[in-house]
Amino acid sequence: MQRADRNDAPAFGVYVHWPFCLSKCPYCDFNSHVRHAAIDEARFVRAFTAEIASTAARVPGRTVSTIFFGGGTPSLMQPATVGAILDTIARHWRVARHAEVTLEANPTSVEAERFRGYRAAGVNRVSLGVQSLDDAALAALGRLHSAREALAAVAIARATFPRYSFDLIYARPDQRVAAWRNELARALAQAGDHLSLYQLTIEPDTPFANLHAAGRLAVPDDDTARALYDVTQEVCAAHGLPAYEISNHARPGGECRHNLVYWRYGEYAGIGPGAHGRLDVGGRRRATATEKNPERWLALVETQGHGLVVDDTLTRSEQADELLLMGLRLAEGIELARYAETAGKPLDRERIAELVRHGLVETTSQGRLRVTAAGFPVLDAVVADLAA
């Protein structure tokens, strides 16, 4: 994959969705699918190629600053598949010389040789779905790897890629604060410049939702969940990885640049089954989404060149709401002037003042609005109040 020298263009990301997993985790509501027959990767490469070409025809001349292979489990792909997709992106857009290229991986599919293949293809950052360093918790979460296998995968990632990150889930059933503090300290000892830490949420239409509704799955109460969140902030900050986003921690400069494109409400293309995008087409902001089912997506792409099932123009109000929802997740917050330009009107000063009085938000001398440490645990309510 050849890279362009230009690095001063506005951020533009490309998200590529690989929808297949070895098994479906009981808490997961992502667009992931288990197929027991072999996946025809060559056919998928042709379809990815077609959809990239179709998207690039709509938004030509972009310089790609970040590429993210998500899923599903992208580490089930052959390195040659990843390389072919990266080469296709580079044929249709310029790719910045220092573009961030991330691939998600599960510890069960990590092999040193395959990781070297991804690195040779152009991947320079990997994100590992570790989820826990406790074997009993991993079993309860439906994970197929052990804590030992997870740490071995982290070691391979560290030896292979310039940058790596891994995920953990907390606020798990029966989890205690002291145990989480110890587990988090172990994780930080293995972390690079980035760590993603997600509170377990019970998502509709998942096995966990059914168990929870039947009274067979008890998650921590609100007080315990808040204590777990507070410990997370405290321990990570003490180790030099403060939260730059509500669930993501990094050393300065170690942030996931691709996810920053989302949170800063930049422009990005969504490629593959169930991928979402935000594209600026002809001066209008468009929300795109593709067919979720992998086989139906393939059929659509093979007949019409893309798998789009949503391609809507967003109103100024919708754009402003998205800017607010995404931007306030970040510790840096949002630019008030950008919000006013997007919405066609400023945020309500009285609402801001009321939230400031309650210590939930603050404004800066640089004209930014950001959520405080006290406001992040009630972020949804803060956003809803401002957007009302």
Side-chain angles (χ1 to χ4, degrees), residues 10-15 17 29-31 58-59 66 68 70 198-199 201 203-204 243-248 255-270 274-290 292 308-364 366-388:
F12 178 76
V14 178
Y15 175 79
H17 191 78
D29 70 339
F30 292 169
N31 184 42
R58 299 185 73 194
V59 287
T66 67
F68 195 103
Y198 300 105
Q199 283 204 31
T201 54
E203 302 292 350
Y244 71 98
E245 188 269 345
I246 191 167
S247 299
N248 286 272
E255 299 86 356
C256 175
R257 287 160 43 202
H258 182 84
N259 286 340
L260 285 175
V261 173
Y262 301 154
W263 296 321
R264 289 174 174 165
Y265 205 46
E267 187 184 18
Y268 56 96
H276 291 251
R278 290 293 183 273
L279 299 174
D280 298 329
V281 183
R284 295 181 180 274
R285 183 78 159 181
R286 301 193 70 85
T288 67
T290 55
K292 289 184 176 182
L308 287 175
V309 292
V310 174
D311 187 13
D312 297 335
T313 299
L314 295 171
T315 65
R316 296 186 77 170
S317 177
E318 289 170 334
Q319 292 177 60
D321 284 348
E322 290 189 342
L323 171 63
L324 196 67
L325 178 67
M326 300 303 285
L328 288 184
R329 296 178 63 91
L330 289 167
E332 70 184 24
I334 64 168
E335 294 177 85
L336 287 167
R338 184 186 179 197
Y339 178 90
E341 181 182 0
T342 302
K345 62 180 181 180
L347 277 168
D348 189 306
R349 292 182 181 275
E350 291 186 7
R351 289 184 185 276
I352 294 174
E354 182 68 15
L355 291 167
V356 169
R357 281 194 292 273
H358 284 89
L360 301 177
V361 303
E362 61 188 9
T363 57
T364 73
Q366 292 79 34
R368 302 189 74 88
L369 174 71
R370 61 192 185 196
V371 178
T372 64
F376 270 115
V378 291
L379 177 62
D380 289 348
V382 170
V383 172
D385 195 6
L386 288 167

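Only heavy atoms go into these numbers, but all of them, side chains included; no hydrogens, no water, no symmetry mates. If you read the sequence from its start, that first residue is 1, and numbering goes on from there.
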>> So Leu260 and Thr66, do their side chains get closer than 4.5 Å, heavy atoms only?
In response: no

> Could you give the distance from OG1 (Thr363) to CG (Leu355), rounded to the nearest 0.5 Å?
Replying inline: 11.5 Å

> In this structure, are over 12 heavy atoms from other groups packed under 6.0 Å from Arg284 atom CZ?
Replying inline: no

> OG1 of Thr313 to CZ of Arg286: how many Å apart, nearest 0.5 Å?
Replying inline: 3.5 Å

> Quick one: CZ on Arg368 to CD on Glu335, what's the gap to the nearest 0.5 Å?
Replying inline: 5.0 Å

>> Strictly below 4.0 Å, N to O, side chains only: are Arg351 and Glu354 in salt-bridge contact?
In response: no

>> List the residues meeting salt bridge (Lys or Arg N to Asp or Glu O under 4.0 Å) with Asp321, not counting sequence neighbours, and say none if there are none.
In response: none

> Does a salt bridge link Glu332 with Arg370, judged by any charged N lying under 4.0 Å from a carboxylate O?
Replying inline: no

>> Could you check whether any side-chain N or O of Thr288 sits under 3.5 Å from a backbone N or O of Gly277, counting only pairs where one atom can act as donor and the other as acceptor?
In response: yes

> Is a donor on one side and an acceptor on the other found under 3.5 Å between the side chain of Thr372 and the backbone of Gly359?
Replying inline: yes

>> Using the ring-ring contact (aromatic ring centres under 6.0 Å, His included) criterion, which residues pair with Tyr15? Sequence neighbours excluded.
In response: His17

> With a 4.5 Å limit on heavy-atom distance, are the side chains of Leu328 and Phe376 in contact?
Replying inline: no

>> Between Asn259 and Arg329, is there a side-chain heavy-atom distance shorter than 4.5 Å?
In response: no

>> Under 6.0 Å from the ring centre and within 45 degrees of the ring axis: does the NZ or CZ of Arg285 meet both conditions for the six-membered ring of Tyr265?
In response: yes

